[in-house]
> 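Here it is, the structure in full.
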Amino acid sequence: MKRNLQNVIFPTEETLQQHWDLFYTGPRCVQDGPDGALRLPAGLVVGFATYLNGFPLESWKRYTPLTGVELQLTAQGHFRLELVGYRLSTSAPRRQLYAVRECDFAAPQQVCAEFPPQAWEDQMLAFELHPLSDCTVCGAAYCGSFPDGSEQPVVLSVVTTTCRKEAFITRNIRLIRQQLLDAGSDLRDRLYLHVVDNGRTLDPEQFNGFHLTVHPNPNAGGSGGYARGMMESLHQDPPATHVLLMDDDVLILPESIRRTFRLLSLLRPDYRDSFLSGAMLDYDDMTRQHEDVGTVLPDGGWRPARPPLDLTRLSDVLTAGRQLPPLQQPYAGWWYCCIPAGTIRSQGLPLPLFLRCDDIEYSLRCRPAHILTMPGICIWHMGFAGKYSAALDLYQRMRNLLAARAITGTFAGVDLMGLWMRLYRQQLREYAYHGAEALLMALEDYLQGADLFRQNRGEQLLRRASGCNEVLRPLNEFGIEVRLEDVYSDPPRRFVDKVIYGLTCNGQRLWPKKLLRGGVGIIGFDDSYQPQTQTLRRQLLAVNVWQRTAALRSQDRTRFRALEKRRRRLMRQFRQSQGELAARYAAARPELTGEAFWRQYLGLDTPAET
């Protein structure tokens, strides 16, 4: 049994053409025609051992019963075709040449070349073209051989939630419709697209069509949008076997969805209950991989499981295809996350958290045996640099972490109150009283219990918390000299300063005002921490280096005392009620993750049970 596993693709848009080295190596080539055929001048060597067009053999062997790989190339002209393989060695990627074929075609013609058995130990397979005359590459694909009966029926539902981001979502709808849902696509009959419009700014009649539906939805945040999409996917006819959740503010390649579908249909039995996580590439630095799988840390933070990768470097491309070591608490983010429908039925729908931590909680709740990744299955996401806010990164984060642990038992190994206290103290010590206010508000709302989450008040609560966001002004308005490259630097701690800093909460108690230091300390505006720079300063300038803005913070002992008084009261309440409160939260789990709740929450009619 043979199946097309991966099409070789060329950049058809100018944004991606500027990063042609994700697609092919060598100088940038001319592209023309509706499919962007690649024109190769004589004497030029072009290789396809790249992030988007190399064949990740190691991944396909691990996840599927693959037995052979064949390249199908359609080209015109006189050229030499070389089949190659790569694997990581201790010093650099090792290249192995496996076959050479010379072709001379007066018109576009297909040539098929099978990789030999000795290539089977490589991590990546690829090909190179050596034009002996001007040539045109019209297309190429890698086809795989499998034992009969290896293929499983798949119905893939793509769910994307949007809220007033029309430019991105309309582009993505157009691409999926043109390349995957129009006549001629091999996925057409088994692919569905559900666009959940939380902003209600899209006209469904303009977009609805074959297997494509826009669902106007009340603004219930990401969790509410994806819950709606999951329900629609389970009730469509035929029901989805897999639901692919995808952000709206992303740049997609329909080929990633096609590769996802093919991989799902050929998985070994041990991997059929897995999540699949597409890699997040940085929209502002398009050759940089930010994350494919993340892991939750014992201190309550989280980070990508791999270091940042430069996908123009072959060694980093090969690293992207390597299997990760076992992780204690891995998660797949909902920028591109494919979930088996059976998991949704058994584990329920997302928690009504509106924004932040909903995707991490869901991965930890479901605990899939594996989270699959594969080079070339990816999206480009708008960057997060310079977007830190107290409402999202302090209020939403801490409120949702506490609620998620109480409701579903996730984050059980994390010291959440220790995290809350560290963040609170950090805010006070850098005079970010607005941030301390957001954290107190998070704890207050958590103490209200599960009733806080039973009504769709997420947008209202976030708007209230947004009052804690720091107001930044153009940097040039302050008349303070700032070297942007030095904003995040911090001198070594002095022992005396360290002791005084801790005992006095940076000079806000038991310390004479007259002993505060003059001058303005320059620090980062976000969650960075520069204790020596800010020790005993009267004022701190918090700088957003990406947007060239800042806020001037001054020590305010009256506000400090008021916040501390409020904290002590809340901590007493937390200690007195935590056991009973956690029990009430846990009892609400079946309700808050059930379809009946979500349909009422979103104002939908109740359908028959699936």
Side-chain angles (χ1 to χ4, degrees), residues 4-11 16-17 19-29 31 36 38 40 43-62 66 68-75 79-101 103 111-131 135 137 139-144 253 255-256 259 279 281 286-289 292 306 309-323 373-378:
N4 179 322
L5 302 182
Q6 178 178 319
N7 292 320
V8 173
I9 55 176
F10 308 133
L16 293 174
Q17 287 176 355
H19 303 283
W20 72 89
D21 43 2
L22 290 170
F23 298 82
Y24 58 89
T25 60
R28 180 175 176 178
C29 298
Q31 292 179 245
L38 212 58
L40 310 184
L44 183 71
V45 178
V46 175
F48 293 88
T50 60
Y51 178 74
L52 291 173
N53 282 327
F55 182 77
L57 176 64
E58 186 176 45
S59 299
W60 278 101
K61 287 194 305 179
R62 182 187 315 130
L66 179 72
V69 181
E70 177 183 83
L71 173 70
Q72 297 179 350
L73 170 70
T74 302
F79 58 89
R80 187 170 73 251
L81 168 65
E82 296 187 356
L83 300 185
V84 296
Y86 288 90
R87 72 182 69 169
L88 273 176
S89 67
T90 54
S91 57
R94 185 194 64 79
R95 177 185 183 273
Q96 183 67 46
L97 175 64
Y98 291 113
V100 178
R101 184 179 298 187
C103 304
V111 57
C112 298
E114 189 166 354
F115 286 86
Q118 55 265 37
W120 213 239
E121 297 307 313
D122 283 321
Q123 292 175 249
M124 173 191 286
L125 303 180
F127 65 100
E128 294 176 0
L129 292 175
H130 299 248
C135 298
V137 182
Y142 298 96
C143 293
L253 293 171
E255 175 65 19
S256 287
R259 295 176 189 181
L281 278 56
M286 300 191 78
T287 62
R288 180 178 179 271
Q289 177 174 305
D292 55 5
R306 302 184 202 272
L309 300 176
D310 177 358
L311 299 179
T312 64
R313 293 167 48 91
L314 183 56
S315 57
D316 282 12
V317 174
L318 295 173
T319 299
R322 278 285 170 90
Q323 187 171 14
T373 65
M374 182 173 285
I377 296 180
C378 64

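Nothing fancy with the numbering, it's 1 onward along the sequence.
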> Could you tell me if the side chain of L253 sits less than 4.5 Å from the side chain of L52, heavy atoms only?
yes

> Indicate yes or no: at least one non-hydrogen side-chain atom of Y51 is less than 4.5 angstrom from one of D316.
no

> Could you check if a side-chain atom of L73 sits within less than 4.5 angstrom of a side-chain atom of F79, using non-hydrogen atoms only?
yes

> Rounded at 0.5 Å granularity, tell me how far CZ in F23 sits from OG1 in T50.
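F23 atom CZ to T50 atom OG1 measures 8.0 Å (nearest 0.5 Å).
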
> Are the side chains of L5 and L66 in contact, using a 4.5 Å heavy-atom criterion?
yes

> Quick one: pull up OG in S256 and CD1 in I9 and give me the separation to the nearest 0.5 Å.
6.5 Å

> Nearest 0.5 Å please: distance from the SG atom of C143 over to the CZ atom of F55.
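If we round to the nearest 0.5 Å, C143:SG and F55:CZ are 9.5 Å apart.
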
> Check ring-ring contact (aromatic ring centres under 6.0 Å, His included) between F127 and all other residues, then give those that pass, not counting sequence neighbours.
F48

> Under a 3.5 Å cutoff, is there a donor and acceptor pairing between the side chains of Q123 and R322?
yes

> Exactly one of R95, R94, K61 should register a salt bridge (charged side-chain N to carboxylate O under 4.0 Å, His left out) with D122. Which one does?
R94

> Work out which heavy atom in G85 is nearest to a heavy atom in Y98; give both atom names and the distance.
N-CE1, 3.6 Å

> Once rounded to the nearest 0.5 Å, what's the spacing between atom CD of Q31 and atom CD of Q17?
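Separation between the atoms: 5.0 Å.
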
> Which value, rounded to the nearest 0.5 Å, describes the distance between F10 atom CZ and C29 atom SG?
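Taking CZ in F10 and SG in C29, the distance rounds to 9.5 Å.
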
> Could you check whether any side-chain heavy atom of V45 comes within less than 4.5 Å of a side-chain heavy atom of L129, counting everything from C-beta outward?
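No, too far: nothing below the 4.5 Å cut-off.
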
> Measure the shortest side-chain to side-chain distance between M286 and L16 over non-hydrogen atoms and say whether it is less than 4.5 angstrom.
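Contact flag for M286/L16 side chains = yes.
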
> Measuring from atom CE of M124 to atom CH2 of W60, what distance do you get when rounded to the nearest 0.5 angstrom?
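Nearest 0.5 Å value for the CE-CH2 distance: 14.0 Å.
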
